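Atoms considered below: every heavy atom in the structure, side chains included; atoms not considered: hydrogens, waters and symmetry mates. Since this is a predicted model, take the numbers as computed values, not measurements.
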Amino acid sequence: ALAPNLVVLCDTAMGVLAPEIRALGIPVVCGPHNHDSSLYASMALATPDPAVARWNTAAGAAFDEAERFMAPHVDQLWVCSEGDRRRFSDLVPAALIRVVPNVWDVGPPSPLPESRDLVFVGQGGYYPNEDAGLRLVAISRRLDALGHAVSGAALVGAPAVEDRRHVGDS
């Protein structure tokens with residue numbers, strides 16, 4: 001029989017399971033990565049598309065509810081930045097919050113690559129990644145026009161259908 005001594009819930013949406021798991025007597029860690037309600041509120045302000053802004057506003061409100069529901073039921077909360085630690089501090093005691101970075105700066109590759117290839121990897125359907133990928137395409141085209149061509153460029157991920165339609169636009 002399965003008898004875990006700890007359950008780690010990876011994501012705010014999974015955090016809503018915390019009270020049920022804790023009721024079984026199992027300690028619960030939630031790793032939401034970000035303070036999603038704040039993240040989606042900022043994305044709502046950043047997007048030029050009113051429909052996407054409305055969606056991000058609604059998602060931010062839903063994440064706010066999920067964060068507030070999950071918070072009293074975790075034994076520890078793992079966040080990826082000091083900013084997120086501060087944002088969660090009104091919901092979870094500071095002693096229970098741990099900063100676990102989700103990015104490690106390892107410096108440039110050695111030796112430096114000789115190619116001029118550009119590869120962007122990002123989760124599709126997430127506005128900051130979509131925006132960054134599309135900006136890289138636009139920058140690549142401007143470099144091409146100036147005679148500084150990128151020898152190869154690739155967007156890796158699964159962008160939304162709407163984004164795929166616009167990748168070829170200037």
Side-chain angles (χ1 to χ4, degrees), residues 8-20 28-74 76-94 96-105 117-146 148 150 152-170:
V8 178
L9 301 170
C10 186
D11 192 82
T12 302
M14 296 296 293
V16 299
L17 298 173
E20 302 301 324
V28 177
V29 171
C30 186
H33 306 290
N34 301 295
H35 189 260
D36 288 314
S37 58
S38 297
L39 175 65
Y40 279 86
S42 69
M43 290 190 313
L45 296 173
T47 182
D49 184 329
V52 173
R54 285 191 302 275
W55 191 94
N56 283 330
T57 299
F63 275 118
D64 181 65
E65 290 294 322
E67 289 160 354
R68 291 178 186 286
F69 180 80
M70 167 264 309
H73 304 286
V74 298
Q76 200 171 88
L77 187 72
W78 295 349
V79 298
C80 67
S81 70
E82 287 296 332
D84 286 331
R85 178 198 300 260
R86 285 189 301 278
R87 290 179 195 100
F88 272 109
S89 66
D90 64 333
L91 299 176
V92 177
L96 301 181
I97 303 174
R98 302 288 187 272
V99 175
V100 181
N102 62 359
V103 176
W104 297 94
D105 184 1
D117 293 339
L118 171 65
V119 177
F120 176 78
V121 179
Q123 173 187 350
Y126 178 60
Y127 180 75
N129 290 347
E130 294 170 4
D131 184 52
L134 294 173
R135 287 177 192 237
L136 285 173
V137 168
I139 291 167
S140 175
R141 289 190 177 135
R142 286 196 300 266
L143 288 170
D144 287 348
L146 294 171
H148 302 288
V150 173
L155 297 178
V156 179
V161 171
E162 183 68 22
D163 295 323
R164 286 190 207 123
R165 274 197 297 255
H166 295 294
V167 168
D169 298 345
S170 296

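The main-chain N or O of Asp36 is found under 3.5 Å from a side-chain atom of Glu67 such that the two form a donor-acceptor pair. Within the 3.5 Å criterion, the main-chain N or O of Leu39 finds a donor-acceptor partner in the side chain of Ser42.
Atom CE of Met43 is separated from atom OG1 of Thr57 by 10.0 Å, given to the nearest 0.5 angstrom. Distance check, rounded to the nearest 0.5 Å: CG of Asp49 to CH2 of Trp55 gives 12.5 Å. Atom CZ of Phe63 and atom CG of Asp11 lie 6.0 Å apart (nearest 0.5 Å). How far CZ of Arg87 is from OG of Ser37: 9.0 Å, rounded to the nearest 0.5 Å. Atom OG of Ser81 and atom CZ of Arg86 lie 7.5 Å apart (nearest 0.5 Å). Note that CG of Asn34 is 7.5 Å distant from OG1 of Thr12, once rounded to the nearest 0.5 Å.
Heavy atoms only, all atoms of each residue included: Pro50 and Pro48 are closest at CD-O, 3.4 Å. The two residues Cys30 and Gly15 make their nearest non-hydrogen contact at SG-CA, 3.8 Å. Closest of all the heavy-atom pairs between Ala18 and Leu9 is N-CD1, 3.7 Å. The two residues Val8 and Trp78 have their closest heavy-atom pair at CG1-CZ3, 3.8 Å.
Within the 4.5 Å cutoff, side-chain heavy atoms of Leu77 are placed close to those of Met70. Contact annotation: the side chain of Val74 never approaches that of Leu96 to less than 4.5 Å [non-hydrogen atoms, C-beta and beyond].
Between Glu82 and Arg85 there is a salt bridge, with a side-chain nitrogen of the basic residue lying less than 4.0 Å from a carboxylate oxygen of the acidic one.
Screening Ser38, Pro32, Pro93 against Phe88 for a side-chain contact (heavy atoms from CB on, under 4.5 Å) leaves a single residue, Pro32.
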